Amino acid sequence: MKKGDHLFLVDGSGYIFRAYHALPPLTRKSDGLPVGAVSGFCNMLWKLLSDARDTSVGVTPTHFAVIFDYSSKTFRNELYPEYKANRSAPPEDLVPQFSVIREATRAFDLPCIEAEGFEADDLIATYARLAREAGAEVTVISSDKDLMQLVGPQVSMYDSMKDRQIGVPEVIEKWGVPPEKMIDLQALTGDSVDNVPGIPGIGPKTAAQLIEQFGDLDTLLARAGEIKQNKRRENIIEFADKARISRELVRLRDDVEVTEKLEDLVLNPLDGPKLVAFLKGMEFTSLTRRVAEATETDASNIDAAQVAVDAAAEMRGPDLDPGQAAPVGEIDDTPQGLAKRRAEAAGSAKIDTSAYETLSELSELKAWCDQARETGLVAFDTETTSLDAMQAELVGFSLAIAETAPDTGELKVRACYAPLAHTNGAGDLLGGGGAQPGQMPMRAALDELKALLEDPAVLKVGQNLKYDMLVLAQHGITIESFDDTMLLSYVLEAGAGGHGMDSLSERWLGHKTISYKDVTGSGKSAIPFAEVQIDRATAYAAEDADVTLRLWHVLKQRLVSDGLASVYERLERPLAPVLMRMEGNGIRVDRQILSRLSGELAQGAAALEAEIQDLAGESFNVGSPRQLGEILFDKMGLPGGTKTKTGQWSTTAQALEDLAAAGHELPRKIVDWRQLTKLKSTYTDALPGFINPRTQRVHTSFAMAATTTGRLSSSDPNIQNIPVRTAAGRKIRTAFIAEPGNVLISADYSQIELRVLAHVANIPQLTQAFADGVDIHAMTASEMFGVPVEGMPSEVRRRAKAINFGIIYGISAFGLANQLSIERSEAGDYIKKYFERFPGIKDYMEATKVEAKEHGYVTTIFGRRAHYPEIRSSNPQVRAFNERAAINAPIQGSAADVIRRAMVRMEPALEKAGANARMLLQVHDELIFEAPEAEAEKIIPLIVEVMENAAMPAVDMAVPLKVDARAALNWDEAH
DNA sequence: CCTATCTCTTA
DNA sequence: GTAAGAGATAGGT
């Protein structure tokens, strides 16, 4: 090697983990071998090599090597046994891919280097030194901060995912210190991932500032006494040795004895046939094609290489049907093959946020809309002033169109942003608030947009379109024909990760989107989106439409290949406009009632607080569990205290009730005080703030993709946890009222989850009991304890009820014992007895666990999936928790599906009956309506009928569904 | 100002 | 024992 040469060193182990996490899990080839990470690795390597060989880019490697970790045991473990001790084992489906990835590297004809006792980073450091000494340039392909210490005049890094060069200035910009100080910086901060201790309380910012101040770690440790901040000084003195050990852990060894010489790393021309054979063997159809083209190899004449057949057999999933896969080497046109190619193509696409168009003339917008009509598919996103759709003002909108949508290969996406109401910041002395130039008139633009959005022949794609629909509804625009990428992702992978656009983009496209905070700032210095400069807004907004369109291509195909289209089309997509209207309707809340209640609660709490301080003998913050625990258990010495996992005294309501039962006065008063202050702060004080000034009503927001089971959630405000159990709490419900001349109707399913359980587990006694309409808990008690239902003591029924709920929750002796305040052994006996009386339940639970472990998900009676990626965890606690959740999900989720079906059918049913009733709220098993008083009697039976028949015809349940409904002037009396 | 912890409300 | 959202405190940034 000589001056002018250029060595590329790829951090292979880093590549593997990036590839694994960037790509959808459970990608397997037809024989069952998981290959997600291999595929990602090959794509990344191929892209790197093609870019690097492209002489126009400027950097051309003459030498090249891929470096891997040898094993987890290295010399660092002798320095510090805890090093990387917190690392969990790599995911099961990744393990068999390690050896395949080394095969892949060899197939690319690249040196594949590792050394016992050393990490890849040490080898990289060693080769970098050798090359440097020979006068050559070095590029390290990695973004790992541990390697940044190597950066210097001849050595730089390259982050291939972000297409970013990392040199000395970039290191300083990111970490605040030059590369040669990175070791000292890391010694101070430590690294929780690798279990490098560092000094507690010192993060990157503080560390950089200290190094700036003292020059280096040794000087800092020697002069630590000069540091002003007490805690910081003490920590640095106390943990100085830890910092010194940390420095040795992060310092890379550049003197490893290497077997391959620099000369062995010369980059040879690619061996096309060899690589194509390997890729064919892996069934990477689209990469095979690209490589074959680039190397002018005739792929059809090359046999697929046999790779790692043993590992494949070992990891073969029982749920896979190899018969469905296409023969190796042919284009796989099954939905599965298509979905996979779409995902691969999307994952390697490059997104250029500087290529977007800003629309300032109406004619430009018209041209885009015409183009969209021609393609029949357009991604759409609005930009507004608020997250609250009911108060949001439209600021602009973005569109994205795919020029061509080929089944394979790259997607050519064009995207644009139409600013409508961008203003200059109000901080301007000369008035401010004026419109930014280059925007078309709002009215005319919206007319054009309306024509497009309401055209049923054009499919609109959005992310969380319920929000956009509600904003646009204020402008008289209704979206016809749409798909929602958030809902697609939710149907495909509920429980397997987030469904926000940022995480979807990273997961499926390997692309990190511009964050909203980057554009508007955050916290106090945040500016409204309307004040963002238009060019900056274009990059952000158009990217959202671009990404949404790419996601749609991947996810929609997966939906079909996974057989989930009907869940999406029946339970998910049609519910979005229904919820949009419910949110828009809102509910009337009586300010006076809440204000009066607040006053009463304040008085009650103040009186109790005085008594509490008196009994405690000192004044303290009653709302602080920590201070309270110290008073009760340290100062007063009350017995029976338990600690929370962080070592604090536990002061839960249950613990305080126990103390009260033992005759102590103070704990009782604390419980009462907590109830009053909770009601006041969370409900009576907070709810008036949610009354919309325009509508004078409260508009909650329903999240469609928030839970693993398929339930909705509600926020801002949450109307699904309004108190009902206590008399004091129920007063809050009296503030939820109907408009004059109207009534509220509450309709709720009776025991829906137990009915679902009876159906899915097929329990004869339960189905019979529900058919007969008997008291289900009393029946259970009678079966279990042999007590006749007539004259049954309430305590016996209470226990049976707790057990029934426990079953739904995936029962454990520990939990049941807690619930009933009995010994764990006694709870265990109850469970045993229950399973003896209802053996079908036990069978159901076991079968559900097996199903969850096999597939990684469980299914509701309507086909919705709930994923539990941690169900195979080696940690028994984590595993048990996931098992209980998996047992609960089909029950809770099927019930959630039932009410979703009812909600989708409710509006047409009401309309057909000529009713003016409006659906306002959903509380898991309850629907709240508002209707003219005169109409109530007529529509209650209709509502009940729609709800009771909601499972039909998809599922004919073995148990009837029962709904109770009632009308009143407020929610408390209607319920 | 942001985040983690604890507690409490619902189905 | 399941599923959520939210408020107050405490501790560090």
Side-chain angles (χ1 to χ4, degrees), chain A residues 200-206 209 229 231-232 235 494-495 522-526 621-629 644-656 670-671 674-683 685-687 700-703 706-726 728-730 732-733 748-749 751-753 757 802-820 824 827 831 845 866 868 880-893 895-896 899 922-926 975:
Chain A
I202 298 200
K205 298 286 173 228
T206 313
Q209 179 239 313
Q229 296 92 334
K231 192 74 196 159
R232 187 175 293 174
N235 275 338
S522 72
K524 221 173 147 184
S525 56
N621 184 348
V622 187
S624 163
R626 204 181 125 189
Q627 293 180 30
L628 175 63
T644 67
K645 63 172 181 261
T646 51
Q648 278 188 45
W649 290 111
S650 169
T651 66
T652 60
Q654 183 63 60
L656 298 175
I670 304 278
V671 171
R674 278 194 184 158
Q675 191 196 15
L676 299 186
T677 51
K678 174 79 177 176
L679 293 175
K680 182 170 186 290
S681 65
T682 310
Y683 303 106
D685 286 353
L687 279 171
T700 185
S701 174
F702 288 107
T707 70
T708 301
T709 56
R711 273 191 178 178
L712 303 177
S713 78
S714 152
S715 63
D716 309 295
N718 180 358
I719 50 78
Q720 295 181 322
N721 71 348
I722 304 297
V724 72
R725 292 200 225 272
T726 65
R730 273 198 301 276
I732 290 160
R733 291 197 170 212
D748 69 302
Y749 285 103
Q751 309 279 16
I752 188 169
E753 293 192 346
L757 175 69
I803 294 167
N804 276 332
F805 273 99
I807 295 296
I808 291 170
Y809 298 155
I811 204 148
S812 77
F814 179 85
L816 183 64
N818 259 339
Q819 180 66 32
L820 288 176
R824 204 185 308 189
I831 294 169
M845 290 182 155
Y868 292 92
F881 176 77
N882 278 272
E883 286 172 357
R884 289 193 299 269
I887 288 169
N888 171 256
I891 305 170
Q892 191 186 110
I899 198 166
Q922 189 248 46
V923 191
H924 309 309
D925 65 359
E926 175 188 15
H975 183 72

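Order of the sequence lines fixes the chain letters, A, B, ..., with proteins taken first and strands second; residue numbering starts at 1 for each chain. Since we're looking at a predicted model, the values are computed, not measured.
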Between atom [atom1] in [X] and atom [atom2] in [N], what is the gap in whole Å?
X: A/Phe805; N: C/dA3; atom1: CZ; atom2: P; result: 16 Å
X: A/Leu712; N: C/dG5; atom1: CG; atom2: P; result: 11 Å
X: A/Leu816; N: C/dT2; atom1: CG; atom2: P; result: 13 Å
X: A/Gln648; N: C/dT9; atom1: CD; atom2: C1'; result: 10 Å
X: A/Asn818; N: C/dT2; atom1: CG; atom2: P; result: 11 Å
X: A/Ile719; N: C/dA4; atom1: CD1; atom2: P; result: 16 Å
X: A/Gln819; N: C/dT2; atom1: CD; atom2: P; result: 12 Å
X: A/Leu628; N: B/dT5; atom1: CG; atom2: C1'; result: 15 Å

Is a side-chain N or O of [X] found less than 3.5 angstrom from the main chain of [Y], in a donor-acceptor match?
X: A/Ser701; Y: A/Asp716; result: no
X: A/Arg733; Y: A/Ile722; result: yes
X: A/Thr677; Y: A/Arg674; result: yes
X: A/Gln720; Y: A/Gln922; result: yes
X: A/Thr700; Y: A/Ser715; result: yes

Should A/Ser715 be listed as having a side-chain N or O under 4.0 Å from OP1 or OP2 of C/dA4?
no
Within the pair A/Ser713 and C/dG5, is there a side-chain N or O less than 4.0 Å away from OP1 or OP2?
yes
Assign [X] to base, sugar-phosphate, or nothing according to its heavy-atom contacts below 4.0 angstrom with the strands shown.
X: A/Thr708; value: sugar-phosphate
X: A/Asp716; value: sugar-phosphate
X: A/Thr677; value: nothing
X: A/Ala866; value: nothing
X: A/Gly623; value: sugar-phosphate
X: A/Ala706; value: sugar-phosphate
X: A/Ser812; value: base

Report all interatomic pairs (protein N or O, nucleotide N or O of nucleotides 7-11 of chain B) with separations under 3.5 Å.
from   : atom 1 : to       : atom 2 : distance (Å)
B/dT7  : OP1    : A/Thr651 : N      : 2.8
B/dT7  : OP1    : A/Thr651 : OG1    : 3.0
B/dT7  : O3'    : A/Arg674 : NH1    : 3.1
B/dC8  : OP1    : A/Arg674 : NH1    : 2.9
B/dC8  : OP2    : A/Ala653 : N      : 3.1
B/dC8  : O2     : A/Lys678 : NZ     : 3.0
B/dT9  : O2     : A/Asn721 : ND2    : 3.0
B/dT10 : OP1    : A/Val724 : N      : 2.8
B/dT10 : OP1    : A/Arg725 : N      : 2.9
B/dT10 : OP2    : A/Arg725 : NE     : 3.1
B/dA11 : O3'    : A/Val923 : O      : 3.4
B/dA11 : O3'    : A/Asp925 : N      : 3.4
B/dA11 : O3'    : A/Asp925 : OD1    : 2.8
B/dA11 : O3'    : A/Asp925 : OD2    : 3.2
B/dA11 : N3     : A/Arg711 : NH1    : 3.0
B/dA11 : N3     : A/Arg711 : NH2    : 3.3

A/Thr708 and A/Ala494: which non-hydrogen atoms are nearest, and at how many Å?
O-CB, 3.8 Å
Between CD1 on residue A/Ile807 and CD1 on residue A/Ile831, distance to nearest 0.5 Å
7.0 Å
